[in-house]
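The structure appears right after this line, and notes come after that.
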Amino acid sequence: MTVREAIAVRRSIRKFTDQPVSEEQVAVLLEAARSAPSSTNCQPWRFKVVTAREDIQWLSGAPTKGQRWIAGAGAVLVCCADVQRFIEDSATNVRFLRDSGMLPPEMLEGLNEYLSRTENAQPEVLRWAAAANCAIALTQVMLQAVELGLGTCWIGMFDEAAVKERFQIPEAMPVVALLAVGHPAENPEQRPRKDVEDILL
Ligand SMILES: Cc1cc2nc3c(=O)[nH]c(=O)nc-3n(C[C@H](O)[C@H](O)[C@H](O)COP(=O)(O)O)c2cc1C
């Protein structure tokens, strides 16, 4: 399967068979996340892999505002952003890039500015910056899942405080998204998309 094919056939899947998602499949999905690009290579994504039936059942209730379909998923990836390490690793990596001579000199000024902006940024700004990196990792996971014959659905509607408490996620790590994963029991048509003319400025 080519990347283009994976992109073309991917759908949000909300009906799953009872077949479990294997540990090997989860490992391949995590590898796809691990390989994702990130700003200054800071890799702020952290995952809690939820496979226990009672946890998935719990997620399908009030914590996701009653999204019952989640109960059928074989696994749910809870994707968090390590904001503290985002700052620290960005600083380390920028210094490495700066000092190693690996980058063209004209980039140095911009990188120094980036570093100073990151170190002085408000928590909300950092949260969104880290979340943008996590979204790239999750996109790679969704496409890798297609190749494995798995279906996924991004869950953005959830009670962050409840999810953090249930899975003991550290206070300083915002939960960016949940990703339901399972063996598809539906094959939906492509959902409507804007025309290219509508997304060109
Ligand atoms: C940021 C984000 C949040 C989303 N939140 C939810 C959600 O809470 N529940 C849900 O069923 N689908 C959710 N979706 C899936 C979208 O509804 C879906 O991607 C969109 O309708 C296009 O359909 P497709 O993924 O099949 O192409 C979310 C998708 C994204 C990217």
Side-chain angles (χ1 to χ4, degrees), residues 1-18 21 25 29-30 32-33 36-39 44-51 53 55-83 86 124-167 169 173-200:
M1 174 178 277
T2 64
V3 176
R4 187 190 290 202
E5 284 163 351
I7 290 170
V9 301
R10 186 210 57 79
R11 303 280 182 271
S12 289
I13 297 297
R14 300 183 181 87
K15 283 191 188 132
F16 304 99
T17 70
D18 291 340
V21 176
Q25 287 171 321
L29 297 180
L30 292 176
S38 56
S39 54
W45 41 76
R46 304 289 181 268
F47 293 95
K48 182 93 188 170
V49 181
V50 177
T51 51
R53 287 279 26 115
D55 285 332
I56 294 176
Q57 189 69 38
W58 176 84
L59 278 171
S60 74
T64 54
K65 321 289 176 195
Q67 298 192 62
R68 293 278 163 216
W69 62 268
I70 294 167
V76 176
L77 303 186
V78 179
C79 179
C80 308
D82 189 337
V83 174
F86 176 73
E124 257 325 271
V125 174
L126 286 173
R127 180 192 165 106
W128 284 106
N133 287 285
C134 292
I136 298 167
L138 279 176
T139 302
Q140 295 211 162
V141 171
M142 290 190 285
L143 293 176
Q144 176 62 76
V146 173
E147 195 206 49
L148 294 177
L150 294 169
T152 59
C153 186
W154 185 302
I155 302 159
M157 196 167 56
F158 60 88
D159 178 340
E160 186 181 7
V163 170
K164 282 179 94 150
E165 190 186 340
R166 174 89 179 191
F167 300 112
I169 292 163
M173 285 193 202
V175 182
V176 172
L178 313 179
L179 194 74
V181 185
H183 293 267
E186 62 172 343
N187 187 14
E189 291 290 309
Q190 190 190 32
R191 276 79 189 213
R193 287 297 192 264
K194 295 184 195 302
D195 293 331
V196 174
E197 304 84 70
D198 296 329
I199 64 169
L200 281 176

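Numbering of ligands and ligand atoms starts at 1, following listing order. Worth knowing before you read on, the calculation uses all heavy atoms, side chains too, and leaves out hydrogens, waters and symmetry mates.
Between the side chain of Arg14 and the backbone N or O of Trp69 there is no donor-acceptor pair closer than 3.5 Å. Not a single donor-acceptor pair under 3.5 Å links the side chain of Arg4 to the backbone N or O of Met1. Distance alone, capped at 3.5 Å, is enough to place a donor-acceptor pair between the Lys164 side chain and the Met173 backbone.
Here the CZ atom belonging to Phe47 is positioned 5.0 Å from the CG atom belonging to Leu138, to the nearest 0.5 angstrom. The line from CG of Leu178 to CD1 of Ile155 is 5.0 Å long, rounded to the nearest 0.5 Å. The OG1 atom of Thr64 sits 9.5 Å away from atom CG of Asp159, with the distance rounded to the nearest 0.5 Å. With rounding to the nearest 0.5 angstrom, the CG atom of Leu179 is 8.5 Å from the SG atom of Cys79. Taking CG from Leu148 and CG from Leu29, the interatomic distance works out to 5.5 Å, rounded to the nearest 0.5 Å.
Closest to atom 9 (N) of ligand 1 among all protein heavy atoms lies Gln67 OE1, 2.7 Å. Remark: minimum distance from atom 5 (N) of ligand 1 to any protein heavy atom is reached at Gly156 N, 2.9 Å. Looking only at protein heavy atoms, the nearest one to atom 1 (C) of ligand 1 is Trp154 NE1, 3.3 Å. Annotation: atom 18 (C) of ligand 1 to nearest protein heavy atom, Ser12 OG, 3.4 Å. Looking only at protein heavy atoms, the nearest one to atom 12 (N) of ligand 1 is Arg14 NH2, 3.1 Å. Atom 27 (O) of ligand 1 has as its closest protein heavy atom Arg193 NH2, 2.6 Å.
The shortest N or O to N or O distance between Cys153 and ligand 1 is not below 3.5 Å. Not a single N or O atom of Ile155, backbone or side chain, sits closer than 3.5 Å to an N or O atom of ligand 1. For a threshold of 3.5 Å applied to N or O pairs, the pair formed by Arg11 and ligand 1 contains no separation below that value.
Not a single heavy atom of Lys65 sits less than 4.0 Å from an atom of ligand 1. Heavy-atom distances between Arg10 and ligand 1 reach below 4.0 Å in at least one pair.
For the salt bridge (Lys or Arg N to Asp or Glu O under 4.0 Å) condition, no pair includes a residue of residues 176-194, sequence neighbours left out. For residues 126-137, every residue pair satisfying the salt bridge (Lys or Arg N to Asp or Glu O under 4.0 Å) rule, not counting sequence neighbours, is listed here: Arg127-Glu160.
Proximity of Phe158 to ligand 1, defined as any heavy-atom pair under 4.0 Å, is not found for any part of the residue. Contacts with ligand 1 closer than 4.0 Å are made by heavy atoms of both the backbone and the side chain of Met157. Looking at Met142 against ligand 1, nothing comes within 4.0 Å, counting heavy atoms.
Less than 4.0 angstrom separates some heavy atom of Trp69 from each of these atoms of ligand 1: 11 (O).
Under the 4.0 angstrom criterion, atom 21 (O) of ligand 1 counts as lacking any protein heavy-atom contact.
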